[in-house]
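In what follows, a single structure is set out as structure tokens and then discussed.
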Amino acid sequence: MRRTADAVIIGGGVTGASLAFHLASRGVKGVVVLERKFLAAGGTGRSVGVIRQLYPSPETCRMVLSSLRVFQNFREVVGGDSGYVGCGALIGVSPAMLPSLERSLEIQREVGIRAELLPPHELARLEPRIDPSGLGAVLHEPESGYGDPTAVTLGYAAAARDRGVAIEQGVAVTEIRVDGGRVTGVVTQTGESIDSRVVVNAAGLWAGAVAALAGITLPIVVGRHPVFIVKRGAAFGPPHPVYLDLAGGTYVRPETGDLTLTGSLVEDETRHPMDPELLGSEAGFEEA
Ligand SMILES: Cc1cc2nc3c(=O)[nH]c(=O)nc-3n(C[C@H](O)[C@H](O)[C@H](O)COP(=O)(O)OP(=O)(O)OC[C@H]3O[C@@H](n4cnc5c(N)ncnc54)[C@H](O)[C@@H]3O)c2cc1C
């Protein structure tokens, strides 16, 4: 079988679903999303979903602020529920990290992000359950928090379908056809060909493998990031905000059912490269 599409998107995670929605909203007809498993089956469905606004450049800060407004107004802008909870985020840094945090705060203010820098002794005013010793300062982002990555993906996908996008699950792309240095389409695992001059690699953790189908090498290292779920005791009190402890290298984010998600913030992916097929595998007690 052979058919034609104006754009083929490989991957039905949050990137593929959002892109499909935005292309269709701008009038692109004939968009096809091919997802080898099911929507949000990849990194998206495993994401901690923290929405914070501390990023190192004006471009990334503008992007995150614009995303935040979408999460906050998801029902009106896209449809469905993003699961956004604006519980606020606190970001603790060591004294040595303070100059770079101050530079980032300047960028945040320039682009219109609400954030304030607190000396450690003022932390108790917002969250007395955090021990401020060893901290140089704490950044408070009152509008940050967390969202539900799967719900966001399903919301984008439903809105994309309403705008004419075909979303096909259980369909893996096994070949990308290239002619004279230009992409001409894809072939799926059933042998079906879809002709398209636009093929988007939205395969997330598998982006390297998908790029290789077109003869392209991407310098991507897939790192392992175990997330641990702990139950807060009855004496803990109300849920805590999102807290990123950049000095200590850990984070916590509240979840329903008195649960807290936690993990490491140390970027050591190259020491723990992971086969993406192992996504979702259990972490051992030693690793915890
Ligand atoms: C444990 C964890 C915690 C995270 N925490 C946060 C956080 O707190 N805040 C934050 O902003 N981000 C976080 N992230 C990152 C965020 O989840 C990702 O950046 C985002 O979900 C990536 O989405 P994606 O659509 O690009 O990729 P993915 O969700 O990985 O989607 C790619 C899709 O492509 C499909 N696919 C692969 N190969 C093929 C093929 N050949 N044919 C068809 N389909 C294919 C896969 O099945 C998959 O569904 C976290 C990620 C993880 C794993």
Side-chain angles (χ1 to χ4, degrees), residues 8-22 32-55 60 63-64 67-68 70-71 82-85 87 89 91 141 144-154 156-157 160 167-176 186-190 192 194 199-214 218 220-229 242-244 250-255 260-265 267 269 272 274-283:
V8 171
I9 298 170
I10 305 173
V14 72
T15 306
S18 165
L19 183 61
F21 166 80
H22 285 97
V32 176
V33 178
L34 300 176
E35 164 54 50
R36 66 175 193 150
K37 288 190 170 174
F38 50 88
L39 290 169
T44 299
R46 299 282 169 178
S47 173
V48 176
V50 167
I51 301 165
R52 41 107 187 173
Q53 298 168 84
L54 180 64
Y55 283 88
T60 42
M63 282 165 69
V64 76
S67 304
L68 175 68
V70 174
F71 296 137
S82 70
Y84 164 75
V85 178
C87 59
I91 303 174
E141 298 175 346
S144 291
Y146 60 94
D148 180 337
T150 299
V152 169
T153 306
L154 298 183
Y156 273 129
I167 297 182
E168 300 174 22
Q169 302 178 71
V171 180
V173 169
T174 51
E175 204 183 316
I176 296 178
V186 300
V187 180
T188 72
Q189 95 258 18
T190 59
E192 186 193 10
I194 305 177
V199 174
V200 182
N201 180 354
L205 305 175
W206 295 267
V210 166
L213 297 177
L218 290 182
I220 290 178
V221 176
V222 176
R224 182 163 159 71
H225 177 80
V227 178
F228 301 95
I229 304 170
V242 167
Y243 178 51
L244 310 179
T250 57
Y251 65 86
V252 286
R253 93 98 154 132
E255 179 51 270
T260 287
L261 308 185
T262 184
S264 169
L265 283 175
E267 288 182 10
E269 284 87 354
H272 304 284
M274 188 190 86
D275 174 356
E277 295 307 319
L278 294 177
L279 184 73
S281 59
E282 292 278 316

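Source: prediction; values computed, not measured. Just so it is clear, the values below take in all heavy atoms, side chains as well, and ignore hydrogens, waters and symmetry mates. We count ligands from 1, going down the list as the structure has it; atoms in each ligand are counted the same way.
- Annotation: side chain of Ser67 is not in contact with side chain of Val70 (no heavy-atom distance under 4.5 Å).
- Counting heavy atoms under 4.0 Å from ligand 1, residue Val14 touches it through both backbone and side chain.
- Inclusion of Phe38 in the set of residues having an N or O under 3.5 Å from an N or O of ligand 1 is not warranted.
- Both the backbone and the side chain of Val50 come within contact range of ligand 1, each with a heavy atom under 4.0 Å.
- Side chains of Glu141 and Leu54 form a contact here, defined as non-hydrogen atoms less than 4.5 Å apart.
- Of all the listed residues (Ala203, Gly42, Ala17, Gly147), Ala203 holds the heavy atom that lies closest to atom 32 (C) of ligand 1.
- Scanning for salt bridge (Lys or Arg N to Asp or Glu O under 4.0 Å) contacts around Glu168 gives Arg3, with sequence neighbours left out.
- Contact check on Arg253 versus Glu255 returns a salt bridge, with a Lys/Arg side-chain nitrogen under 4.0 Å from an Asp/Glu carboxylate oxygen.
- Considering only non-hydrogen atoms, atom 27 (O) of ligand 1 lies nearest to Gly204 out of Pro276, Ala207, Gly223, Gly204.
- Considering both main-chain and side-chain atoms, Val48 comes within under 3.5 Å of ligand 1 through a nitrogen or oxygen pair.
- Which of Arg46, Lys37, Glu35 comes nearest to atom 2 (C) of ligand 1 through a heavy atom is settled by distance: it is Arg46.
- Not a single N or O atom of Val227, backbone or side chain, sits closer than 3.5 Å to an N or O atom of ligand 1.
- The Leu34 neighbourhood of ligand 1 comprises atoms 43 (C), 44 (N), with distances under 4.0 Å to a heavy atom of that residue.
- Within the 4.0 Å heavy-atom shell around ligand 1 one does not find Pro149.
- Compare Thr15, Thr44, Val222, Leu19 by their heavy atoms: the one nearest to atom 21 (O) of ligand 1 is in Thr44.
- For ligand 1, the atoms closer than 4.0 angstrom to any heavy atom of Leu205 are 30 (O).
- Within the listing of ligand 1, atoms 25 (O), 29 (O), 31 (O) sit less than 4.0 angstrom from a heavy atom of Gly13.
- By the 4.5 Å heavy-atom criterion applied to side chains, Thr262 and Val227 are not counted as neighbours.
- For a threshold of 3.5 Å applied to N or O pairs, the pair formed by Val210 and ligand 1 contains no separation below that value.
- Of the heavy atoms in Val171, only backbone atoms (N, CA, C, O) come closer than 4.0 Å to ligand 1.
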